There are 4 protein chains.
Amino acid sequence: MTSPASPGIGHAPAPPIPAPGCKESQILNGAAEVFARDGYEGASMSRIAMQASVSKGTLYNYFASKADLFAAYVHRDCARWIALMFEDLDPATPPEEALHQVGRRMFAMLLSEPALVMYRMVVAEAQKFPELAQSFYREGPARAVGHLSRFIRRAAAGGLLSVADPDFAAEQFFALIQTQLSMRRRLHLIGMPSEAEIQHVVDGAVRLFMKSYGA
Amino acid sequence: MTSPASPGIGHAPAPPIPAPGCKESQILNGAAEVFARDGYEGASMSRIAMQASVSKGTLYNYFASKADLFAAYVHRDCARWIALMFEDLDPATPPEEALHQVGRRMFAMLLSEPALVMYRMVVAEAQKFPELAQSFYREGPARAVGHLSRFIRRAAAGGLLSVADPDFAAEQFFALIQTQLSMRRRLHLIGMPSEAEIQHVVDGAVRLFMKSYGA
Amino acid sequence: MTSPASPGIGHAPAPPIPAPGCKESQILNGAAEVFARDGYEGASMSRIAMQASVSKGTLYNYFASKADLFAAYVHRDCARWIALMFEDLDPATPPEEALHQVGRRMFAMLLSEPALVMYRMVVAEAQKFPELAQSFYREGPARAVGHLSRFIRRAAAGGLLSVADPDFAAEQFFALIQTQLSMRRRLHLIGMPSEAEIQHVVDGAVRLFMKSYGA
Amino acid sequence: MTSPASPGIGHAPAPPIPAPGCKESQILNGAAEVFARDGYEGASMSRIAMQASVSKGTLYNYFASKADLFAAYVHRDCARWIALMFEDLDPATPPEEALHQVGRRMFAMLLSEPALVMYRMVVAEAQKFPELAQSFYREGPARAVGHLSRFIRRAAAGGLLSVADPDFAAEQFFALIQTQLSMRRRLHLIGMPSEAEIQHVVDGAVRLFMKSYGA
DNA sequence: GATGAATGAGGGTTCATTCAT
DNA sequence: AATGAATGAACCCTCATTCAT
């Protein structure tokens, strides 16, 4: 119903992301800004209402509570940039080149401002919103690893890589991308790294990976 | 700065960690409990006062504000368990064995409950308390990498490893430890991993590392 | 249904009770449920609208305000069960038997759930809605006493009772029905009394009454 | 301390009524005024704070919630005027005179402004505060009936009255006091009755009572 | 130094009411 | 005639902070 276009696939998104122009979307935009700036606890419904240019009452016409609004915001924004992450890799790409490509994309995505904000909030509130942490993990990191793992398995089957445990290997590659540079960025100690810095980290990761897992 | 070697001189550490028995310490203990449970915004001075068995007035005799108290708590507790992390590695240890040893220790420490709590809080409040994030990074991750880097450099000098950039190599090893298992633990999705799971991750990290950097 | 049948006579009731099927009636039914459950202040127009299956806007098309709606509800429901109270007593009935009969009916009616609810609400809001209390009194207790008083007067005229002040005597009988049992019921301390308990109270009332006022 | 006079009895009051001058008392005075005027739901903590000349925060330093404050108010004010009700009747008083005396006192008390207010509130909120209704009944009406019942029993034992069931007889007398005058007063339809009106009702009650139960 | 009563701004939430459709 | 989205004031309650004792 929400996407009759692509026949045969139809895995409908659970929370139907609101149309960009509508009031609900307007509220979520305001919420995104305030939550990102102040965190969950620090954000106030008053400020969100103000930022979204609606009355406080209207907030509650769309979302039953602050927690609900927060969940909706996380879901929408997760879905947004997760979608950008993985257009499937062409299996024909030589592994080394594919790793470079996906490595750079991952890196850039991980350290992008919206992803950072999301990561910070989900980590911070994981205790209070366990189901949010769960769905964040499932929709984000888990899917990324899954995609990479499938690529590795195919490459191994084709004799291009020599990997016994593709899942674990994918996790390792994913981990190698997140050096201290990521940590410092997450702690707001640095801004977005330059292209050269990214390249350096990714090169290092690919080199280590291929040395072990190259055919 | 941390080097207490120079004898006879008592250059006091910047934030003088309070004597364990005193009232200030008593307050910080209460604060630790409450901050860990409720987060910065969620914690209330009343609850902290109650937990520490002092009056609210006394809190303000020792700490000018909630933010101040929070900073003091982070500093003290960071210092506490960072200290446990790195008794210096014996340079005589064979690299592979040393990596296994330090890998296991890092892993266990990183995923321990107090470290998780601290990580979560610092990440969550990095925006509001930038200087806190800075000192957390300096006293924690940066020192860990520094230690490992020095060990690698020595081993390379001795011909036991073949590493061009010891700092970067150390970061890579550190990164390899933090697979999805860490991510899931940070998101409260799993409890403390078993000894076998730890061993598996560390083995994999050492294998990858040695394949590239082994002499 | 209230008797539009009688041809030729148009003594319209002051607040024209709405026809049972119409939208106004539908709203009042919803209001009755919610007011009874939540009281005047506790009731919300949203819940009433929901209960009545109409939109909030429609509520205001029929009633200018919450207070108006409340008044309409009280009027209609008072009228409803007051009507059931007194089909006129047959003057030929021997007084003692008539008193037993009317006593039991009064008692049962007074302690019935809808009457209790109404009593509670009118008492509670007597200050805020004085005209409501007035009309409640006039349509309820005053009419009950009036009926009984007329019966007593006729009986006295016929030599069956010896009563100087029929109004006062009727009030006394009415009062004797309302022992502590009524009080406890009004305070929600007990449920509906059993038939035996009712009989006991009514017997006692009739006995006392007849001892003084019997011919 | 509250009643050192009667030795050997000492039934201490459960909720220690606060000293008249203290802040708690000051708050309760403000609460009494506002609750009496606006009812439980209608009263706002802000108005109470204002009326009591304290800040809203202070209210919550003394009472955990609005419900708590309401309960404390009911308890204190019940206790206050219940105490005035029954200094024990002298058993030597002739029954008819005693009934006149207690009848007038009851009547006046029942229809006094504070008792009315209390009655209205307890009835109104009996559903939401059942334990309050219970303790109101126990401390008020039940005790009144108990006192009267004991007097009647003694008189019957002394041959001055002829009563088989003193409890029921006491209830009947109590009921006879509460004619429509009481009802009208409870509905705020009239002010305090005149001395003559009171006398009339009480005379009638005593007459009916003595006609049946006189020796 | 230690206390805890007092404060008042601000928190999330509900509500009666309005009005464009 | 009927709707329901939008409003903003008011609700109860919590909070960090102050200050007289």
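The structure displayed is predicted, hence computed values, not measured ones. Sequence lines set the chain letters: A, B, ... in the order given, protein chains first and strands last, and positions in each chain run from 1. FYI, side chains are in, hydrogens and waters are out, and symmetry mates aren't considered; it's all heavy atoms of this structure.
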Note, [X] side chain near [Y] side chain (heavy atom, < 4.5 Å):
{"X": "C:Tyr119", "Y": "C:Met121", "value": "no"}
{"X": "B:His75", "Y": "B:Leu132", "value": "yes"}
{"X": "D:Val117", "Y": "D:Pro114", "value": "no"}
{"X": "C:Phe35", "Y": "C:Ile48", "value": "yes"}

Interatomic distance, [X] [atom1] vs [N] [atom2] [rounded to whole Å]:
{"X": "A:Leu69", "N": "E:dT13", "atom1": "CG", "atom2": "C1'", "result": "13 Å"}
{"X": "C:Lys128", "N": "E:dA16", "atom1": "NZ", "atom2": "P", "result": "11 Å"}
{"X": "C:Glu41", "N": "F:dA10", "atom1": "CD", "atom2": "C1'", "result": "12 Å"}
{"X": "B:Ile48", "N": "F:dT14", "atom1": "CD1", "atom2": "P", "result": "17 Å"}
{"X": "C:Phe63", "N": "F:dA1", "atom1": "CZ", "atom2": "P", "result": "14 Å"}
{"X": "A:Tyr60", "N": "E:dG11", "atom1": "OH", "atom2": "P", "result": "11 Å"}
{"X": "D:Met45", "N": "F:dC15", "atom1": "CE", "atom2": "P", "result": "16 Å"}
{"X": "C:Lys66", "N": "F:dC11", "atom1": "NZ", "atom2": "P", "result": "13 Å"}

Completion exercise
Paired with D:Val34, the side chain to side chain contact (heavy atoms under 4.5 Å, CB included) test is passed by just one of D:Met45, D:Gln51, D:Met50, namely D:Gln51

Problem - Contacts of type ring-ring contact (aromatic ring centres under 6.0 Å, His included), residue B:Tyr137, not counting sequence neighbours - result: none

Expected rows: protein N/O vs nucleotides 3-6 of chain F N/O, under 3.5 Å:
residue	atom	partner	partner atom	Å
F:dT3	OP2	C:Ser55	N	3.2
F:dT3	OP2	C:Ser55	OG	3.4
F:dT3	OP2	C:Thr58	OG1	2.5
F:dT3	O5'	C:Ser55	OG	3.4
F:dG4	N7	C:Gly57	N	3.3
F:dA6	OP2	A:Tyr62	OH	2.4
F:dA6	N7	A:Asn61	ND2	3.1

Problem - Set of side chain to side chain contact (heavy atoms under 4.5 Å, CB included) partners for D:Pro130, sequence neighbours left out - result: none

Completion exercise
Sorted by chain and number, sequence neighbours left out, side chain to side chain contact (heavy atoms under 4.5 Å, CB included) with D:Ser46 holds for D:Ser44, D:Lys56

Exercise for the section: Report which part of the nucleic acid C:Ala43 touches: base, sugar-phosphate, or nothing (heavy-atom distance under 4.0 Å, all strands). Expected result: sugar-phosphate

Practice task
Answer yes or no: does a side-chain N or O of C:Ser44 lie under 4.0 Å from OP1 or OP2 of E:dT14?
Solution key: no

Problem - Short side-chain N/O contact to F:dC11 OP1/OP2 from D:Arg47, under 4.0 Å - result: yes

Fill in the blank from the handout: In DNA chain F, stems of three or more consecutive pairs, Watson-Crick or G-U, each with both distances under 3.5 Å, turn out to be E:2-21 with F:2-21

Problem - Closest-nucleotide 5' rank along DNA chain F - winner of D:Ala67 and B:Ala64 - result: D:Ala67

Practice task
Go through residues 28-39 of chain C and report each residue with a non-hydrogen atom lying under 4.0 Å from DNA chain E, sorted by number.
Solution key: none

Completion exercise
Heavy atoms of C:Ala124 and D:Ala124 approach each other most closely as CB-CB, 3.2 Å

Exercise for the section: Determine the minimum heavy-atom distance between D:Ala36 and C:Gln127, stating which atoms define it. Expected result: O-NE2, 3.3 Å

Practice task
Step through it carefully: locate the ring centre of C:Phe63, locate the ring centre of C:Phe70, and say whether they are under 6.0 Å apart.
Solution key: no

Problem - Check against side-chain contact (heavy atoms from CB on, under 4.5 Å), B:Glu41 and B:Lys128 - result: CA-CA 11 Å; B:Glu41 298 279 2; B:Lys128 190 178 272 182; 2.4 Å; yes

